[in-house]
Participant: 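To start, I am sharing the structure in question, which I have written as structure tokens.
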Amino acid sequence: MPELPEVETVRRMLESSVLGRTVRSVRLSGLKLRERVRPDLPRRLAGRRFVTARRIGKYLLLDLDGGLTILSHLGMSGRWLFHAQVPRRSPPHVHARIRFADGSQLWFQDPRRFGLLRLVETERLAADPSLALLGPDPVAEPLTGDGLLALATGARVSVKTFLLDQRRIAGIGNIYASEILHRAGLDPRTRAGAVRPERWAMVARETTAVLGEAIDRFGTTFSAYRTLWNEPGSNGENLRVYDRRGEPCQTCGTAIRRIVQGARSTFFCPRCQPAGQGRRPSERPVSGPSSRRNAPRGGRNRART
DNA sequence: ATCCTATCCTGTAGGC
DNA sequence: TGCCTACAGGATAGGA
């Protein structure tokens, strides 16, 4: 799943390749993504120049001159791809092809169609419903222990679910939530409102470290995520718990466990992340108490991200 | 208000 | 080999 580091990687690459280019024409697949792409998007983009590439949480904001912005989200399987030369055989699921004058093209590809391509007037972005409720972006404004403590006051959800809530913090997804909690030594089942201040300080520090390292490695690729150059990110080898059920913890050797929280996998080390940092919330796997039923059957190459 | 589940969607692994 | 089923999880609408 593309999370903040993957989106940031794409943003930086867009910045180096697409800024300054003027759109000659656009072709849409016409298929519905998370929402329908406006059919007048090609007409409205034509002749405009890309001027800024921004990111808020997992959202990408591509500003064009004349006050128009493409608000984009990669969802589960979305990719922005830049082709200096267009490949002879066209891959499936390309929903937008943006052509530039020199023959290069920028594509939005998304097999699962959870992604988003929305045209917004730049000055109205702040009021856009997808952005209006987002919490702080932890790369733009690094988290602090005190800040997290305040955000979590009264929250009864687990700290794992808390980190995934984009209204509280924007950009953390399922992979990095597990990684952050492992490095912070915090049981993912702990109730967010019961986490001690010292522990929040560790979460803040580790969030910065985990996201920063992932950005340095161009993101984590299991299978779907690719950079703008259609290359996988190399952060997978840097992950300590995610998708490592049964493997020995790199810190203490204990077998990594997988549990289900809010219908999502969580991976943690029961020894490095001991219970008892606070009371646990009443979260249970959706399909009953047997978490084995939801166990992924694949290895590290299972379709993801 | 807050929490929680179902829903959208396709590729892929694994079972038979 | 090939068909079938379940699962992966981004955001969000709507129910408890």
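Just so you know, these numbers use all the heavy atoms, side chains as well, and skip hydrogens, waters and symmetry mates. Throughout, protein chains are lettered first and strands after them, A, B, ... in sequence-line order, and every chain is numbered starting at 1.
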Participant: Taking atom C1' of dC8(B) as reference, at what distance in whole Å does atom NE2 of His73(A) sit?
Facilitator: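 Roughly 14 Å, once rounded to whole Å.
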Participant: Whole angstrom is fine here: how far is it from CE in Met76(A) over to C1' in dT12(B)?
Facilitator: 13 Å
Participant: Using atom CD1 of Ile169(A) as one end and atom P of dA11(C) as the other, report the distance to the nearest whole Å.
Facilitator: 13 Å
Participant: Between dA11(C) atom P and Leu71(A) atom CG, what is the distance in whole Å?
Facilitator: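 Answer to the nearest Å: 12 Å.
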Participant: Taking CZ in Arg24(A) as the centre, count heavy atoms belonging to other residues, nucleotides or ligands within less than 6.0 Å. Is the count above 12?
Facilitator: no
Participant: If we call it a pair only when both distances are under 3.5 Å in a Watson-Crick or G-U wobble match, what pairs with dA1(B)?
Facilitator: none
Participant: Would you mind reading off the distance between Asp243(A) atom CG and dA8(C) atom P, rounded to a whole angstrom?
Facilitator: 10 Å
Participant: Given dC3(B), dT10(B), dA11(C), which nucleotide is nearest the side-chain atoms of Val157(A)?
Facilitator: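 The listed nucleotide nearest to Val157(A)'s side chain is dC3(B).
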Participant: Choose from dT10(B), dG10(C), dA11(C) the nucleotide whose nearest atom is closest to any side-chain atom of Arg34(A).
Facilitator: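 The nucleotide sitting nearest to the side chain is dA11(C).
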Participant: With respect to the side chain of His93(A), which nucleotide from dT10(B), dA8(C), dG10(C) is positioned closest?
Facilitator: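 Among dT10(B), dA8(C), dG10(C), the one nearest the side chain of His93(A) is dT10(B).
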Participant: What nucleotide, of dG10(C), dC3(B), dT10(B), holds the atom closest to the side chain of Asn174(A)?
Facilitator: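 Closest of the options to the side chain of Asn174(A): dG10(C).
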Participant: Rounded to whole Å, how long is the line connecting atom CD of Glu3(A) with atom P of dA11(C)?
Facilitator: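 After rounding, the reported distance stands at 9 Å.
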Participant: Describe the nucleic acid contact of Arg36(A) in one word from base, sugar-phosphate, nothing, applying a heavy-atom distance below 4.0 Å.
Facilitator: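 The answer is nothing, as Arg36(A) stays clear of every strand by at least 4.0 Å.
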Participant: For the side chain of Arg264(A) and the base of dG10(C), is some donor closer than 3.5 Å to an acceptor across the two?
Facilitator: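 Answer is yes: a donor-acceptor pair is held.
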Participant: Parallel, tilted or perpendicular for His73(A) and Tyr59(A), by the 30°/60° rule?
Facilitator: perpendicular
Participant: Hey, could you give me the CZ/CG distance between Phe222(A) and Leu239(A), rounded to the nearest 0.5 Å?
Facilitator: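 It is 5.5 Å, given to the nearest 0.5 Å.
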Participant: Quick one: is dT12(C) close enough that its OP1 or OP2 comes under 4.0 Å of any side-chain N or O from Ser130(A)?
Facilitator: yes
Participant: So does Arg113(A) reach the base of dC9(B) with its side chain, donor to acceptor, closer than 3.5 Å?
Facilitator: no
Participant: Kindly point out which of dT10(B), dC3(B), dG10(C) is positioned nearest to the side chain of Pro111(A)?
Facilitator: dT10(B)
Participant: What is the nucleic acid contact for Tyr59(A), judged by heavy atoms within less than 4.0 Å: base, sugar-phosphate only, or nothing?
Facilitator: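 Counting heavy atoms under 4.0 Å across all strands, the contact made by Tyr59(A) is with sugar-phosphate only.
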Participant: Tell me: CZ of Arg79(A) to P of dT10(B), nearest whole Å?
Facilitator: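 So the CZ-P distance, Arg79(A) to dT10(B), works out to 15 Å.
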Participant: Across the strands shown, which category fits Lys58(A) at heavy-atom distances under 4.0 angstrom: base, sugar-phosphate, nothing?
Facilitator: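 Counting heavy atoms under 4.0 Å across all strands, the contact made by Lys58(A) is with sugar-phosphate only.
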Participant: Around Phe218(A), counting heavy atoms of other residues, nucleotides and ligands shown, do more than 12 lie under 6.0 Å from its CZ?
Facilitator: no
Participant: Closer to the 5' end of DNA chain B via nearest nucleotide, is it Pro92(A) or Ala155(A)?
Facilitator: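 Final value for this comparison: Ala155(A).
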Participant: Can you identify which nucleotide, out of dT2(B), dA11(C), dT10(B), has its nearest atom closest to the Arg156(A) side chain?
Facilitator: dT2(B)
Participant: Should the pair Phe100(A) and Phe82(A) be assigned to parallel (<30°), tilted (30 to 60°) or perpendicular (>60°) ring geometry?
Facilitator: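 Judged by the thresholds at 30° and 60°, the geometry between Phe100(A) and Phe82(A) is tilted.
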Participant: Taking atom C1' of dG10(C) as reference, at what distance in whole Å does atom OH of Tyr176(A) sit?
Facilitator: 14 Å
Participant: Starting from the C-alpha separation in whole Å, work towards a yes-or-no answer on salt bridge (charged side-chain N to carboxylate O under 4.0 Å, His left out) for Arg183(A) and Glu179(A).
Facilitator: CA-CA 6 Å; Arg183(A) 297 212 202 177; Glu179(A) 294 298 310; 5.1 Å; no
